[in-house]
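Bear in mind that the values here come from a model prediction, so they are computed numbers and not experimental data.
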Amino acid sequence: MLQFGNLLAHFHLPHKASESAQKQNLKPLPTLPDFLQHVMKLTGLRKEDVHCSLRVPSQLQTAKDDINMVILTGHGIFCMDVKPWSGTVCAQNQSWHVQVKEKDQNFTNTHIEQVEDPLKAVMSKTAQLCSHLKRSGVPVHSSLFFPRVIFLSPDCKLDEELMKRREVVPYGQIDVFLRSFKEGYMGWISDALTPSWISGHLSYRQIESVRGVVRKMGTWDVMLLHGGEQLKGDYQGCQYIALDRQDTETLEFSRVKTLWALLGHVSQVTVKMYKRGPHGWLGKCLNATATIPSNTFVIFRVSGEEADAKIPAYSIHSITLSI
């Protein structure tokens, strides 16, 4: 079981190949939520047709890789992974190389990081989504799935061969790509009302069926630590907290300052559990409250790890639960 002190290497942050280069940029790169807002603004798509961090189960129902963003349209299903890389990127056999230059006062250091082929990865996850829909009774032809890799940084330079790939969307083409959704939206609505055997696209009934399956797939739980670090994975539980995941959306942790803590006794943390669903006039609806010792461990399986992590309650800011 992982201990909290070992988790620094497991925070969900950009790949280290671009991390040092990003530090030299005064303007921070957009996060996935930032990119989502940009997508909604430029495309005009409905919220129910845009899904982030969608977990795709494999045929054996074991592996659950996530696709950063899935967009449903009458034209097809777009499966997109988002990369914040900086540097010069090229494909080398089964992997990609990211060349990053680090500038100091006296010299420039260049290093190359080898990373997993993101095109191969997103294509594999797209194929898994296609298979999952078929197993769920919603067969969609593979030609209606469109894998894409989006590069968010203006400092990411792709080589000529990669620029030729239709699955690659570099920084300079992001807005053009997103506006294509809006420009073709009326046409896609027409396609959705036309039988798929005539249009060759998704029918309205197929889109509704796909929405139903996707809504049940869920995303990752997200743990936010004090200091801003974020972990994604699965909340496994806490010995002092009992909750109904279907009814609880957020757990907020706050430290309690008492005289007993000042006298050397174990301090406490208050955990507020908020209901799932739309907020009321006064904000989030409180579901339950618990007060627990601050050194209580919360069990969390970080995405990609084979063992549970034990995270002390005093280090947690909040946990957002997926369905």
Side-chain angles (χ1 to χ4, degrees), residues 4 7 10-13 30-37 39-40 45-57 64-72 82 132 210-256 268-294 296-305 308-323:
F4 175 66
L7 282 173
H10 303 286
F11 291 138
H12 186 55
L13 297 173
T31 61
L32 185 57
D34 295 331
F35 181 65
L36 172 61
Q37 291 183 3
V39 169
M40 301 304 295
L45 294 170
R46 296 185 296 177
K47 291 183 178 180
E48 58 263 37
D49 290 329
V50 182
H51 303 266
C52 287
S53 301
L54 196 67
R55 299 176 67 174
V56 185
K64 287 193 175 182
D65 295 325
D66 67 298
I67 303 175
N68 291 160
M69 187 173 293
V70 174
I71 296 179
L72 308 179
V82 178
H132 179 68
V210 171
R211 287 193 189 114
V213 175
V214 168
R215 279 195 294 265
K216 297 177 182 178
M217 291 172 61
T219 59
W220 298 97
D221 299 333
V222 178
M223 177 181 287
L224 183 63
L225 304 178
H226 291 294
E229 297 91 347
Q230 180 177 288
L231 300 172
K232 73 171 185 177
D234 291 317
Y235 167 75
Q236 304 285 31
C238 173
Q239 66 179 108
Y240 297 110
I241 300 176
L243 58 84
D244 180 357
R245 178 181 284 268
Q246 297 298 320
D247 193 43
T248 305
E249 182 175 28
T250 306
L251 287 75
E252 290 187 354
F253 294 68
S254 57
R255 300 165 184 169
V256 180
Q268 294 180 318
V269 169
T270 297
V271 183
K272 294 182 179 179
M273 291 162 267
Y274 293 96
K275 290 185 178 181
R276 189 178 297 280
H279 297 171
W281 287 102
L282 300 177
K284 295 179 291 186
C285 297
L286 187 63
N287 199 17
T289 302
T291 301
I292 65 176
S294 63
T296 300
F297 285 123
V298 174
I299 310 302
F300 195 85
R301 176 68 65 88
V302 179
S303 171
E305 296 298 325
D308 293 335
K310 297 171 62 176
I311 304 175
Y314 64 77
S315 66
I316 302 173
H317 178 273
S318 64
I319 301 175
T320 301
L321 301 176
S322 64
I323 297 179

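Taking the side chain as every heavy atom from C-beta outward, I241 and M273 approach each other to under 4.5 Å. Side-chain contact between V56 and I67 is present, with at least one heavy-atom pair separated by less than 4.5 Å. In this structure the side chain of L54 never reaches within 4.5 angstrom of the side chain of D66, judged on heavy atoms. At a threshold of 4.5 Å between non-hydrogen side-chain atoms, the residues I319 and V298 count as touching. The side-chain heavy atoms of I71 and M69, taken from C-beta on, include a pair separated by under 4.5 Å. At least one side-chain heavy atom of E252 sits less than 4.5 Å from a side-chain heavy atom of Y274. You'll find the side chain of M223 stays beyond 4.5 Å of the side chain of K232, heavy atoms only. With contacts defined as side-chain heavy-atom distances shorter than 4.5 Å, the pair T320/W220 does not qualify.
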Show the numbers, then the answer: is there a side-chain contact (heavy atoms from CB on, under 4.5 Å) between V269 and V256? CA-CA 5 Å; V269 169; V256 180; 5.8 Å; no
For T248 and K275, run side-chain contact (heavy atoms from CB on, under 4.5 Å): C-alpha distance rounded to whole Å, both residues' side-chain angles, the deciding distance at 0.1 Å, then the answer. CA-CA 5 Å; T248 305; K275 290 185 178 181; over 6 Å; no
L243 vs L251, test: side-chain contact (heavy atoms from CB on, under 4.5 Å). Steps then yes/no. CA-CA 10 Å; L243 58 84; L251 287 75; 3.8 Å; yes
Let me see the working for M217 and R55 under side-chain contact (heavy atoms from CB on, under 4.5 Å), right down to the final yes or no. CA-CA 6 Å; M217 291 172 61; R55 299 176 67 174; 5.8 Å; no
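With hydrogens and angles ignored, the 3.5 Å screen pairs a side-chain donor or acceptor of R255 with a backbone N or O of Y314. Under a 3.5 Å cut-off, the side chain of R276 and the backbone N or O of L321 do form a donor-acceptor pair. A donor-acceptor contact shorter than 3.5 Å links the side chain of N68 to the backbone of V82.
Between the CD1 atom in I292 and the CD atom in Q239 there is a gap of 8.5 Å [rounded to 0.5 Å]. In this structure, OG on S322 lies 7.0 Å from CG on D234, to the nearest 0.5 angstrom. In this structure, I311 CD1 and L231 CG are separated by 5.0 Å, a value rounded to the nearest 0.5 Å. Distance check: F253 CZ to L225 CG gives 10.5 Å after rounding to the nearest 0.5 Å.
Scanning all heavy atoms of the two residues, the minimum distance from H226 to E229 falls at O-OE1, 3.2 Å. Closest non-hydrogen pair, F297 versus K310, comes out as CD1-CE, 3.4 Å. Contact record, P293 with A313: O-CB, 4.3 Å, taken as the closest heavy-atom pair.
Here K284 does not pair with E249 in a salt bridge; the nearest charged N to carboxylate O distance is not below 4.0 Å.
T296 meets the side chain to side chain donor-acceptor pair (under 3.5 Å) test with no other residue; sequence neighbours excluded.
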